[in-house]
K.L.:
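Got a structure for you, written out below as structure tokens; questions coming shortly.
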Amino acid sequence: MKIDSFFENYLKQDSLFKDKSVLLSSFVPEEVLYREEQLQEVANVLAPSLRLEKPSNLFLYGKTGSGKTLSVKHVLKMMQAVAENNNIKCKIIYINCKLKRVADTEYRLVAQLIKEFGEEIPPTGLPTDEVYNIFYGLLDQQTRVVLLVLDEIDQLTKKIGDEILYNLTRINSELKRSQICLIGISNNLVFAENLDPRVKSSLSEEEIIFPPYNALQIQEILKKRAEKSFSSGVVQPGVIEKCAAYAAREHGDARRAIDLLRVAGEIAERSGSKIVEIQHLDEAEKKVESDKIINATTSQPKQFQSVLYSILLISPQKKVFFTGEIYDVYSTICKKIKQNILTQRRISDVLAELDMLGIINARIISKGRYGRTREISISIEEKIVVKLKELLEKSLSIQ
DNA sequence: AGGTATTCACATGAAACTATTCTCTGAGTTAGG
DNA sequence: TAACTCAGAGAATAGTTTCATGTGAATACCTGT
């Protein structure tokens with residue numbers, strides 16, 4: 001098939017999708033299923049801001065894909081509509097703290113806040129307290145309530161500590177006219193435990209817990225979304241059920257389920273199928289998994305990649321191996337590609353990161369007289385290992 | 001045999017360092033009046 | 001004299017290194033039987 005006719009055919013062939021955006025994670029539906037209680041609670045807490053009174057700070061807990069972000073966005077959307085209708089000055093800022101190079105440090109977070117007020121701030125070069133001052137100035141320009149949503153706040157504190165949160169909670173006492181209300185969202189259920197007690201008490205004036213969805217609920221959610229996104233009759237019976245089952249196994253992660261459905265649809269479409277079948281779903285699961293890993297590794301620095309490559313080199317020969325062995329292999333590889341060799345201390349950290357990413361399985365064991373070390377095994381599929389190995393060879397230009 | 005002390009091979013933490021990217025400031029230089 | 005250039009001081013950040021301290025249990029070493 002020649003390319004030109006390919007495009008022709010592509011156009012002629014009608015899409016399986018009616019509206020794919022419904023299946024993207026940024027989509028906010030008009031109706032949030034099975035979260036009525038939480039929605040109401042969020043609304044209750046935030047309502048005072050419509051009277052220009054400061055609402056209590058709010059904290060939301062729940063595992064990934066349990067509808068936290070969605071619920072908050074939904075409530076805030078409604079509120080903003082009302083605020084606009086009645087000409088109430090109420091500013092809503094949503095920031096995801098996990099985004100690299102956007103809001104993952106104190107400086108950048110405040111810089112991002114300033115940006116929300118329509119001012120630009122250089123990415124570096126300014127002292128942090130200077131940036132704070134600019135922010136205070138902007139905040140206090142007029143009387144209003146500012147609702148600040150910090151998504152994945154646990155990532156932020158894990159990286160740089162809870163000082164920022166302390167600063168943010170104290171802002172109110174410095175402001176004359178504005179009021180700021182913090183809404184924290186965390187995936188980590190024990191997040192607040194290791195927080196400065198002062199921060200903890202002022203941040204979690206109100207707490208709402210989001211339980212995971214069960215399989216049935218995910219099914220309903222998927223059905224709703226599928227109706228809107230796919231053309232009718234495309235999704236075969238059983239697909240949604242299986243998709244929900246996959247997700248329920250992973251602590252009821254609805255986002256993952258929706259993602260899976262979308263990828264399954266894309267795969268079906270690309271293969272020229274007119275319907276989405278279970279087989280596409282299985283393929284999608286593999287793809288999502290391998291994409292996740294490949295994305296995670298390719299965005300890492302060279303040194304990180306060479307450590308991973310070393311592990312992949314050892315893995316066919318042994319089922320489990322130890323830090324020292326990896327370090328040896330890593331050293332020879334570094335020599336081979338003329339890269340300087342990092343200390344074992346650093347490699348230890350890299351291994352811990354790889355463990356976090358779920359690429360390897362590391363467990364600290366003691367071999368008694370023969371020391372203490374990480375017992376490492378690889379935790380990704382053979383197929384992905386091969387693919388990853390090729391990729392790393394290219395990226396590190398080996399051979 | 002039973003109990004204690006050692007010892008290995010790292011793990012884990014904190015602080016300090018390095019390279020890079022960026023701003024701001026003020027001295028020196030240039031061009032126009 | 002105003003405008004411009006350009007070096008140097010200071011910041012933020014990511015990735016490391018250095019130094020210091022921690023640690024679980026297999027083994028070595030006793031001790032008394």
K.L.:
Mind calculating the distance between CD (A:Glu353) and C1' (B:dA11) to the nearest angstrom?
P.N.:
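Distance, rounded to whole Å: 15 Å.
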K.L.:
Can you tell me how far apart CZ (A:Arg255) and CD1 (A:Ile221) are? Round to the nearest 0.5 Å.
P.N.:
13.0 Å
K.L.:
For A:Lys302 and B:dA19, what is the distance between atoms NZ and P respectively, to the nearest whole Å?
P.N.:
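These atoms are roughly 19 Å apart.
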K.L.:
Rounding to an integer number of Å, can you tell me how far A:Leu342 CG sits from C:dT18 C1'?
P.N.:
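Spelled out: CG on A:Leu342 to C1' on C:dT18 is 14 Å.
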K.L.:
Heavy atoms under 4.0 Å, any strand shown: does A:Lys159 hit a base, just sugar-phosphate, or nothing?
P.N.:
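Result for A:Lys159 = sugar-phosphate.
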K.L.:
Residues of residues 105-112 of chain A with any non-hydrogen atom less than 4.0 angstrom from an atom of DNA chain C: list those, numerically ordered, please.
P.N.:
A:Thr105, A:Tyr107, A:Arg108
K.L.:
Roughly how far apart are A:Arg108 CZ and A:Lys100 NZ, rounded to 0.5 Å?
P.N.:
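Answer for the CZ-NZ pair, A:Arg108 versus A:Lys100, is 9.0 Å.
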K.L.:
Just to confirm, is there a sub-4.0 Å distance from OP1 or OP2 of C:dT13 to any side-chain nitrogen or oxygen of A:Lys100?
P.N.:
no
K.L.:
Can you tell me the distance, in whole Å, between the CG atom of A:Asp355 and the P atom of B:dA11?
P.N.:
12 Å
K.L.:
What is the distance from CG of A:Asp104 to P of C:dG15, rounded to the nearest Å?
P.N.:
11 Å
K.L.:
Is A:Thr323 near enough to B:dA11 that one of its side-chain N or O atoms lies under 4.0 angstrom from OP1 or OP2?
P.N.:
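Affirmative; the distance criterion is met.
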K.L.:
Report the distance from atom CZ of A:Phe322 to atom P of B:dA11, rounded to the nearest whole Å.
P.N.:
11 Å
K.L.:
In this structure, how many angstroms lie between the P atom of C:dA25 and the CD1 atom of A:Ile364, rounded?
P.N.:
13 Å
K.L.:
Go through residues 369-379 of chain A and report each residue with a non-hydrogen atom lying under 4.0 Å from DNA chain B, sorted by number.
P.N.:
A:Arg369, A:Tyr370, A:Gly371, A:Arg372, A:Thr373, A:Arg374
K.L.:
If the cut-off is 4.0 Å, is A:Ser348 near the phosphate of B:dA11, judged by side-chain N/O to OP1 or OP2?
P.N.:
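Indeed, a polar side-chain atom of A:Ser348 lies that close.
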K.L.:
Between atom OH in A:Tyr327 and atom P in B:dA11, what is the gap in whole Å?
P.N.:
12 Å
